[in-house]
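Remember, it's 1-based here, ligands and their atoms both numbered in the order they're listed. Throughout, residue positions are numbered sequentially from 1 according to the sequence presented. Bear in mind the structure is a predicted one, so any value in this text is a computation, not a measurement.
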Amino acid sequence: MAVQVDVQTFFHFINGQWVPASNNETFDVMNPATGKLVAKVAKGTAEDVDSAVKAARSAFDQGDWKNMKPNDRANVLYAISYKIAEHAQELVYLESISSGGTVRRISNIDVLQMVDLFQTLAKFTLEYPFSETLPVPPFPGPAHNFVWREPIGVCAAVTPWNLPMWIATWKIAPALAMGNTIVVKPASYTPLSTLKLAEIISEVVPPGVINVVTGPGAEVGETLVTHPQVDKVAFTGSTEVGRRIMELAARSIKKTTLELGGKSPNIILEDADLNIALPGSLLGVFLHSGQLCESGTRLFVPDKLYDQVVQGLVTLAGKIKVGNPQDQMTDMGPIISKKQKETILNYIQAGKQEGAVLACGGKEVTVPGCEEGFFIEPTIFTNVTNDMKIAQEEIFGPVLCVIRYSHIDEAIHLANDTIFGLAAGVWTRDVNKAYEVARKLQAGTVWINDWHMLRNDAPFGGYKQSGIGREMGKYSLDEYTQLKHVHTSMVPELERRSWYGVLFGQN
Ligand code: NAP
Ligand code: MG
């Protein structure tokens, strides 16, 4: 059980200091497992966003931060990783009481991944080609040419409520690794752990390098992503808001990366090892109550195995214990909010109306001691067709759609028949077959005989409307740098310059 800490009022974190909202307003952060108030948080204004961006701007423009040597910067990233490990218990607690994630998952996955992310990017920073030399070309004349990779400047990160602090580090770590400064706007359901993270990080970076402003997306978020002194925008959240952010960023051509929704297809082949494929497929959709963007929400099952697979899934789903995420025995915690719970129940209703059959779940759960919380049973729909609303729209809840297929080409066609392309998966004992299917799946990540295996050295991001750009690994470093070509002529004589005769003719 995590340690209780006092969470009262949280302010913005700007220029290394806690700063209240300019109008002193706050908003409430609730625990989705209990419905109880856990903290009050500064409700930001345009003025607050401006202060945070100015702090980040001056830390970038005036400070030594951007000019640090790669090995010094790598040491800072290592120092951050140790700070996160040192403060793990408090971070896990703050994350769990606001996001509803189980302490078991957050402490065993999220925190370890965050520590490893900073260490992985530290290693990539040491190897990063900050300056590359191009070969001396015969044309247009001998010259020394370099390609430099430079930080972009002030980055704005807008983050979601499902994995608040982990996803924040997907943006903070590469931004800092490459010498940028950053302002983070966390989701209003879950700002606490990001604020704590900023405080911890600020112990080893100069003031203004990391800042957090809290408050509603439509005001604080929009002011941030349109601020003239912001150079880059990184967003994770819904496709709808992603579209809006891209439109806003377009006005001043800000570099933009987006990690958006998904409706990831998961294909079981006839020769799959069902002992692993079944629990693996349920992990793929029920981890964090289905509130993960790369969840495998559409399961394609061959005719021959259909009844066996459905029966096996229902039996296993019955073993998943829904409960208080603070309890180490809990497998699945709550839904983030009452509103989101209603949305999910409406999708379940829509599924029934469209003719899908509930194999299990579909209802709210009352958890003793958490009667005011927002819990939904692990839910499995059979007889789903890929054109149904529940198979096309991102539900972001514990709802699995099982879709029957007779030939693998049909499964691949249906798997790709979606606007999304975040992740996909295939279960088979035949590795060659797996690669053939993986090649045809339109997704940024394909898992073979596995799910949710994000790696800090692998790129993560979406095909199609699931996003633009990649996070994690050396790939993320490219998103936080810009290229500069530097040319130095090696020809001292004017007459030998290739351009001389072009403009000056016979003279
Ligand atoms: P969202 O509206 O996309 O929110 C994500 C972040 O964007 C939050 O920090 C939010 O702030 C901010 N935001 C909202 N409107 C904004 C705007 N106009 N300009 C700038 N920032 C803005 O996501 P949500 O409403 O929390 O969840 C809705 C759906 O998003 C879910 O059902 C799910 O489909 C999807 N989702 C996807 C992911 C993912 O990892 N891909 C994560 C979470 C949610 P506020 O919190 O203050 O509104
Ligand atoms: Mg929203």
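- When the shell of 6.0 Å around CD of E240 is examined, it contains 12 or fewer heavy atoms from other residues, nucleotides or ligands.
- Atoms of ligand 1 lying under 4.0 Å from at least one heavy atom of G215, given by number and element, are 47 (O).
- Of the heavy atoms in Q340, only side-chain atoms (C-beta onward) come closer than 4.0 Å to ligand 1.
- Contact atoms of ligand 1 toward V241: 1 (P), 2 (O), 3 (O), 13 (N), 14 (C), 15 (N), 16 (C), 17 (C), 22 (C) (distance under 4.0 Å to a heavy atom of the residue).
- Residue-to-ligand polar distances place E222 within reach of ligand 1: an N/O pair is separated by less than 3.5 Å.
- Ligand 1 places these atoms under 4.0 Å from at least one heavy atom of E394: 33 (C), 34 (O), 35 (C).
- Contact annotation: for I336 versus ligand 1, there are no heavy atoms closer than 4.0 Å.
- Residue V158 holds the heavy atom nearest to atom 12 (C) of ligand 1 of all those in N162, I245, V158.
- Open room surrounds CZ on R455; 12 or fewer heavy atoms of other groups in view lie less than 6.0 Å from it.
- Ion pairing of E354 with K389 is absent here, as no side-chain N (NZ or NE/NH1/NH2) approaches a carboxylate O to less than 4.0 Å.
- With a 4.0 Å cut-off on non-hydrogen atoms, F235 touches ligand 1 through its side chain and not its backbone.
- Remark: ligand 1 atoms within the under-4.0 Å shell around heavy atoms of P186 are 9 (O).
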Decide yes or no on salt bridge (Lys or Arg N to Asp or Glu O under 4.0 Å) for D231 and K255, but give the supporting numbers first. CA-CA 7 Å; D231 303 302; K255 314 274 173 292; over 6 Å; no
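- The proximity of T159 to ligand 1, defined as any non-hydrogen pair under 4.0 Å, is limited to the backbone.
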For E222 and R244, run salt bridge (Lys or Arg N to Asp or Glu O under 4.0 Å): C-alpha distance rounded to whole Å, both residues' side-chain angles, the deciding distance at 0.1 Å, then the answer. CA-CA 9 Å; E222 294 215 358; R244 171 82 184 144; 2.9 Å; yes
Kindly indicate, with the supporting measurements, whether the criterion salt bridge (Lys or Arg N to Asp or Glu O under 4.0 Å) is fulfilled by D478 and K474. CA-CA 7 Å; D478 297 341; K474 60 185 178 192; over 6 Å; no
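- Applying the 4.0 Å criterion to heavy atoms of T236 picks out, from ligand 1, the atoms 5 (C), 39 (C), 40 (O).
- The ligand atoms of ligand 1 that sit less than 4.0 angstrom from a heavy atom of L260 are 41 (N).
- Counted within 6.0 Å of CD on E372, heavy atoms from surrounding residues, nucleotides or ligands total 12 or fewer; the atom is thus considered open.
- Each of I344, N162, T343 was scored for a side chain to side chain contact (heavy atoms under 4.5 Å, CB included) with F396, with one residue passing: N162.
- For S238, a nitrogen or oxygen atom sits less than 3.5 Å from a nitrogen or oxygen atom of ligand 1, counting backbone and side chain alike.
- Interface of C293 with ligand 1, defined as ligand atoms under 4.0 Å from a residue heavy atom, comprises 39 (C), 40 (O), 41 (N).
- Between the choices G262, S188, G217, the shortest heavy-atom distance to atom 46 (O) of ligand 1 belongs to S188.
- Judged purely by atom type and a 3.5 angstrom limit, N383 has no side-chain atom pairing as donor or acceptor with the backbone of A356.
- Heavy atoms from other residues, nucleotides or ligands lying under 6.0 Å from NZ of K196 number more than 12.
- Against a heavy-atom cut-off of under 4.0 Å, A187 is close to the following atoms of ligand 1: 8 (C), 9 (O), 46 (O).
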